[in-house]
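This report refers to the structure that appears directly beneath it.
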Amino acid sequence: MIYQELPKPNPEDPQIYARIDDDGLCRLTCTEDHEPFQEWLEEGNTPLPPDPIPEPEPLTAQQKLEAAGLTIEELKGLLGL
Amino acid sequence: MGIQINGQVDTVTSTTSGGSVKVTPATINATGLSTFSGGIQITGGTIAGVSTAGITTAYIGSINDGPISGARNRIINGDMRIDQRNAGASVTAGSAYTLDRWNVDRVWAGSTITIQRSTTVPVGFTNSLLATVSTGAAVAAASYFSIQQYVEGFNFSDLGFGAAGASSFTVSFWVRSSVTGTYGIGFRNSAFDLSYWTTYTVNSANTWEQKSVTIPGATSGTWYTDNSYGINLIFSLGCGSTNKAASNNAWNSGGKLGAVGQTDLIATTGATFYITGVQLEAGSVATPFERRSFGQELALCQRYYYREIVGSAGAPLGQNAFATSATSARIVGKFPVSLRVRPTALEQTGTAADYAIFTGGTTRNCSAVPTFNDATTESWFVTATVASGQTTGHGGSAVGNTSTTYLAWSVEL
C-alpha cells in the first residue's frame, strides 16, 4: 500500500491523496488530516508525486454544438446556408 | 385518628380522611374500598398475591430510572445485525472494522482468522459475529488478537469514571466456541494507560452460553466524556505474555490486551468463536438485552460509518451532480445522521467504470474513481472525472453502474 498525491485541477482545491492498495486499485482518497495517512507518514513514508493532468479529449463537432446550445438547423440559419 | 385491628380480619367501613389503618399481624381485605387517598406504606414483611389489574401508569412516578430504564446498552450493534461494509461476506481479519462498530485489533503472524456476520444464534437473535481460525499458530510473546468496540465518551460519561463515586457496570453477552476453557474480557481507558481484565468460562463446546461480568468503577485515570472514546471493551481470543494484565479483577496501569490464564483460541486451526447480544450497562445487574428497531440501530451505526449503496444498476448516488468542466463534476449529498466528526476520507469500489455522471442529458462513465473533495458532519462533496464532453454548469446526477456501487465515509473511533 502506498499513497499518491492527486493533481489539483484548481489551485484553491485541497490537496487530496489516493491510497493505492497492493492490487493497484485505489479504494480510498483522503486529505492530509486523515489519521491513517498521518501514521503512514510518521513511519517515514513519502507519497508519490501526482500524475500529470490528462488533456481532455477534443470535442466532436456535435459536442461543440451542444455546448453552444445550437442545433444544426440553427447553425445553418446563422451561416445563411 | 386511626383504626387499629389486632389479630383478626375485619372490614373497615369508615372513610374518614386523614387517618390510618394498622393491621398487626393480619391481612387487609380491601373489598369495597375505592381509594387509599394517603397511599399505602409498607415498612416490612412481604407482599404476595397482589394483582396489578387496575394499576395504571398514572400511579407510577417513573420507570425510566435505574437498570430498567431506556437506552441502557452502551454497545452499538451488540446483536450484530448491521454489516454495512461486508453485508455478511467473510473477510480476512486485519486490523480493521468488520461488522459495524466492531473492530479487530491484531498483531499476529502465521495465523489467518476470518470474520463474518453469522446466522448461527441463540433464541431471540438473528445474527452473531463469527471468528474462524483458518490457520492457527503458536502465540508469540508480543502477539494478540482482539475483537473490540470503542464506546464514545458521550455514551459513557454518566458513569463518572476518573473520580470518586464512579459507578460499576455490567457486561452481558452470548458466546459459543468450539474450544472450551477460560476466556479474557477486558476494558481500557481513553489514554490506554489503565485497564481491567477478568475472565469467563466456556463450559461446553459449540453451545450457546450467556455470560456476564460486573466491573467496579475506576476512580482515577483519563476518561474522555466527549465524542472521542470513553471506554474500550475487548474480547481477547489470544494474547502473548508481553501484553497480558499483571493480575485479573483489578484496575491496573497499562493498556493491556489479555487476561491472566486465558485460552488462546486462535492457536487452534479450525476453531470457531461466535458472540452476540453484547450489552454494557451501568450497575451490577445484567438486565435483558435491550431491543432496538433495525432503523434505530442502523442510524446509531451511521454516526460512525455511512455507506451509500445504489442497490440497482443505474440508480443515483447522492442528491445531485453538476459539471465543473468538460471532464470534472461535483457530486453532492447529505448524511442521514450527523457524523461523530468531520470525515477526512472517502471510500469507493476501486473501479472507475462502476460510476457515471449524467449531465446535459448524457450519461458518461467515469474515467477515474470518485475522490474526496470536502465534507462536514452533515453533508459531502465528491469529485468525479469523465474523459470529455461535459458542459460546465450542466446539472444532473451521479449514477452507479452496478448494484453494489457505493460511496462510504468512516469516522470510527
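Letters A, B, ... are given to chains in the order of the sequence lines, protein chains preceding strands, and every chain is numbered from 1.
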> Is there a donor-acceptor pair closer than 3.5 Å between any side-chain N or O of B/T344 and the backbone N or O of A/C30?
Replying inline: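 Checked: no pair found.
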Non-hydrogen atoms of chain A under 4.5 Å away: do they reach the side chain of [X], the backbone, both or neither?
| X | value |
| --- | --- |
| B/P370 | backbone |
| B/S328 | neither |
| B/N373 | backbone |

>> Out of A/E32, A/R27, A/H34, return the one with the most heavy atom pairs under 4.5 angstrom to chain B.
In response: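 The answer is A/R27.
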> Which one of A/L25, A/L28, A/D13 has the most heavy-atom pairs closer than 4.5 Å to chain B?
Replying inline: A/L28
Should we say atom [atom1] of [X] is surrounded by more than 12 heavy atoms from elsewhere, each under 6.0 Å from it?
| X | atom1 | result |
| --- | --- | --- |
| A/K8 | NZ | yes |
| A/I72 | CD1 | no |
| A/E35 | CD | no |

> Got a second to check how far B/T383's OG1 is from A/I16's CD1, nearest 0.5 Å?
Replying inline: 7.5 Å
> Who are the ring pair (Phe, Tyr, Trp, His ring centres under 6.0 Å) partners of B/W223, not counting sequence neighbours?
Replying inline: B/F161, B/W251
>> If the condition is ring pair (Phe, Tyr, Trp, His ring centres under 6.0 Å), which residues does B/F192 pass it with, not counting sequence neighbours?
In response: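 B/F192 satisfies ring pair (Phe, Tyr, Trp, His ring centres under 6.0 Å) with B/Y229 only.
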> What are the two closest heavy atoms between A/T31 and B/F372, and how far apart are they?
Replying inline: CG2-CE2, 3.3 Å
